[in-house]
> 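After the structure tokens below, expect a handful of questions from me.
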Amino acid sequence: MTASGSASSFIEELPPHHNGRYEYHDVESELRFVVQRYEKNGDKFFGQYIPIQAENGKKGWIKSLKIDGLRPLYRLPELLGRDPRHPVMVVEGEKCVEAMLKKLTEEFPITWAGGTNAWQKTDWSPLHGRPLILIADGDEAGHKVMQALAAQLHRHCPDIRLVLPPIAPGGSDIADEIEAKHDVNAWLEKHVQTYEPEEMGDGSPEPSPPQSPEGSNESERSSLIAEANDKPGVLFKDKNLKRLADLKRDKPDQWANLRARIKRECKDVLIQDLDKAIGRQTGGKENDLQGQALEWQDPEPWPEPVNGAALLDEVAALIRLYVHMPEPTADAVALWVVHTWLHDRLEISTFLNITSATKRCGKSLLMEVLATLVIRPRPVSGHITSAALFRTIERYVPTLLLDEVDTYFGDNPELRGILNGSQRRDSGGVIRCVGEDHEPRWFNPWCPKAISGIGGLHDTVRDRSLVIQMERRPPNLGDLPHWRDRDRKCIEGMRRKLARLVSDNTDRILTRRSEVVFPPCLHDRARDAWEALLAIADCAGGTWAGEGGRAWLTAESISAGTKDETGARETLLADIHKVFRDAGNRESLTTDYHSERAQRDGGPSMAGMEERK
């Protein structure tokens, strides 16, 4: 356990308390910290203590609550042992929890440490999927914190109800109702209401960053990293190596994220040594692998709600600042960027095909810009085999940015077939025999993909793509800002906003897909490609939304004329068929066909035309 504190704050024994001692444990029932309640002259205050081992080996406490990572909920181990179908009551303060435990049977009360201003420092993921009753104190701060908490948890919980008692001087709570021997059930029924989430991008005060996708283990990993900063050897202990090896095997995408954090934050840890140590945990097979492990860092979501239309404006403006392209094209790319962040909840994947007729049109530059905006970017330039493609996707689920595909894609039908099949989540896949027993295994090539190269893709891939046609910037327009001089802090802020936007609104976007109005020029495949993008725009609102909005007009302009498009081969066969049909379905045509037809139709013959010459 690590904590912020000095040697002077170290004590061997906790001081006596007057009104309550509350222990906070993690998911493994390990004590994380203790809160003690005191009252003096009618005022209440708290002492918070973290267990620690001093340098001299003595065990004791530091008076602080500045722990690394997210804090666990009060009575977390008991909560995890209860039926997830039963309601959980969230209250403010350990005193309320203890009072309610004496009155409740089916419902289970919990709270967090630190009061109204510290709820965002708590790991709320153990509540995901459970029905919740959030019970506020009878004061303004109590109402605000429960409404903010409901705004965060509604994306993960099927049923949330709020109990908002009247605001009154003194701010009574449910413990006061119990102490006064009032009918608590009647009090709850009188003030309970169903929580209704706010709309996206309306400026409502829905605060709170969503929890990390790594769930309740995020606080433990942050604590481990912080401890490794002081004692690098802690990562190489057998217990920790086993956990890291298990994470790498079971959740490689999360391991890639954690590995990047260790490499960046633990300055005294050689990541190559850690890789080898983890390899020994898995039988030593990975010690001598060539190349570098894949890694990336998922951003921490933006701390406040994000206006969808404003964020789309920012992304599109950033793209056009560095890459020469028309505004509608940049709008399409901005929508596709958002699409990558909610891709794991979609059923149809929209490929982005960036193409041009010649070199130096900005394709690779656009791919570099995308690599800073999409979720889990994995740029690939030059070549990738079919096996590497589907195995990488199965293991890490990145956003693949395949550049220079004109150098290897056209003559690879296997690669093309994998891409075609990966447009739908469950309809395409790869079966390969693996292991010594040659067991057939299924690999799912489902992930966001951008494909860039000179010339057009094969019709079957192009038909499934959002096609972005690039052109050289005319010399008379001058130069654009150089990408290497970009504002990296600003772009990282955009990534955090994208993470927050999608986390807050995924369910609304998915629901909106069935109500999307398509431009009439879109054929069936184009509708598949645009469905999620138009739903994103409709939920973002502003100038992006609805029939005639920016997204609708962009889909119309990019896809115009493709509803009845026919491939070159089909067109050639149709023309040949027409020639034979017009000739009377003859088995063969002579070189005098034009003369014969002209004479039959009463027009000038080829011979007559030669005479006039």
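Any value given below was found using the heavy atoms of this structure, including those in side chains, with hydrogens, waters and symmetry copies removed.
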> Salt bridge or not for Glu28 and Arg243, using N-O below 4.0 Å?
yes
> Verify, without hydrogens or angle tests, whether Arg82 (side chain) and Leu79 (backbone) share a donor-acceptor contact under 3.5 angstrom.
no
> Quick one: closest heavy-atom pair of Val306 and Leu501, and the distance?
O-CD1, 3.8 Å
> Tell me which one of Trp119, Tyr24, Trp124 satisfies ring pair (Phe, Tyr, Trp, His ring centres under 6.0 Å) with Trp112.
Trp124
> Evaluate side chain to side chain contact (heavy atoms under 4.5 Å, CB included) for Trp302 paired with Leu311, printing each intermediate quantity in order.
CA-CA 12 Å; Trp302 196 251; Leu311 180 57; over 6 Å; no
> Can you tell me which residue among Leu76, Leu70, Leu73 is in a side chain to side chain contact (heavy atoms under 4.5 Å, CB included) with Asp123?
Leu70
> Which heavy atom of Arg130 sits nearest to which heavy atom of Cys157, and what is that distance?
O-CB, 3.6 Å
> Are any of the side-chain heavy atoms of His191 and Pro166 separated by less than 4.5 Å?
yes
> Would you check if the side chain of Arg508 reaches a backbone N or O of Asp504 as a donor-acceptor pair within less than 3.5 Å?
no
> Under a 3.5 Å cutoff, is there a donor and acceptor pairing between the side chains of Glu98 and Tyr74?
yes
> Inspect the contact between Lys242 and Asp238 and indicate whether a charged nitrogen and a carboxylate oxygen are less than 4.0 angstrom apart.
no
> Indicate the ring-plane relationship of His154 and Tyr195, choosing parallel, tilted or perpendicular according to the 30° and 60° boundaries.
tilted
> Return yes when atom CD of Gln193 has more than 12 non-hydrogen atoms of other residues, nucleotides or ligands closer than 6.0 Å, and no otherwise.
yes
> Identify the heavy atoms of Pro398 and Pro448 that sit nearest to each other, and give their distance.
O-CD, 3.5 Å
> Salt bridge check, Arg32 against Glu30: does any charged N sit closer than 4.0 Å to a carboxylate O?
no
> Hey, are the side chains of His86 and Phe108 touching, using non-hydrogen atoms and a 4.5 Å cut-off?
no
> Under 3.5 Å, is there a donor-acceptor pair between the side chain of Glu394 and the main chain of Asn444?
yes
> Within the side chain of Arg378, is there an N or O that forms a donor-acceptor pair under 3.5 Å with the backbone of Leu401?
no
> Nearest 0.5 Å, please: how far is CG in Leu274 from CG in Leu241?
6.5 Å
> Within the 4.5 Å heavy-atom criterion, are Thr340 and Leu498 side-chain neighbours or not?
no
> Is there a side-chain contact between Leu101 and Pro109 (heavy atoms, below 4.5 Å)?
yes
> When you compare the side chain of Arg37 with that of Tyr22, does any pair of heavy atoms fall below 4.5 Å?
yes
> Should His339 and Ile536 be marked as a side chain to side chain contact (heavy atoms under 4.5 Å, CB included) after you check the CA-CA gap, both sets of side-chain angles, and the distance that decides it?
CA-CA 8 Å; His339 147 275; Ile536 291 168; 4.1 Å; yes
> Just verifying a value: how many Å separate Arg345 CZ and Ile509 CD1, rounded to the nearest 0.5 Å?
10.0 Å
> Quick one: CD1 on Ile62 to CD on Gln48, what's the gap to the nearest 0.5 Å?
13.5 Å
> Determine, stepwise, if the pair Thr372 / Arg488 fulfils side chain to side chain contact (heavy atoms under 4.5 Å, CB included).
CA-CA 9 Å; Thr372 66; Arg488 298 173 188 270; over 6 Å; no
> Under a 3.5 Å distance rule, please check whether Gln36 uses its side chain to pair with a backbone N or O of Pro15 as donor and acceptor.
yes
> Do Ile178 and Lys102 touch side chain to side chain, with heavy atoms closer than 4.5 Å?
no
> Between Arg500 (side chain only) and Pro303 (backbone N and O only), is there a donor and an acceptor less than 3.5 Å apart?
yes
> What's the separation between atom CG in Leu162 and atom CG in Leu164, rounded to the nearest 0.5 Å?
5.0 Å
> Please report the interatomic distance CG(Leu318) to CD1(Ile491), rounded to the nearest 0.5 Å.
5.0 Å
> Applying side chain to side chain contact (heavy atoms under 4.5 Å, CB included), run through Leu188 and Met89 and close with a yes or a no.
CA-CA 11 Å; Leu188 291 172; Met89 290 185 165; 3.7 Å; yes
> Can you see which heavy atom on Arg376 is nearest to which on Val397, and at what distance?
CD-O, 4.1 Å
> For the backbone of Gly142 and the side chain of Asp139, can you confirm whether one donor and one acceptor N or O come within less than 3.5 Å of each other?
yes
> With a 3.5 Å distance limit and no angle check, can you tell me whether His143 reaches the backbone of Pro165 through a side-chain donor-acceptor pair?
yes
> Does the side chain of Ile110 come within less than 4.5 Å of Leu127's, by heavy atoms?
yes
> Please check: side-chain N/O of Arg425 versus main-chain N/O of Ser349, any donor-acceptor pairing under 3.5 Å?
no
> Are the side chain of Thr111 and the backbone of Glu94 linked by a donor-acceptor contact shorter than 3.5 Å?
no
> For the residue pair Lys59 and Pro51, establish whether any side-chain heavy-atom pair is separated by less than 4.5 Å.
no
> What do you reckon, is CD of Glu78 surrounded by more than 12 foreign heavy atoms closer than 6.0 Å?
yes
> Looking only at heavy atoms, what is the nearest atom pair of Pro445 and Ile393, with distance?
C-CG2, 3.5 Å
> Does CD in Glu265 sit with more than 12 non-hydrogen atoms of other residues, nucleotides or ligands closer than 6.0 Å?
yes
> Quick check: closest heavy atoms across Val145 and Glu92, and the distance to 0.1 Å?
CG1-OE1, 4.4 Å
> To the nearest 0.5 Å, tell me how far Lys237 NZ sits from Leu244 CG.
13.0 Å
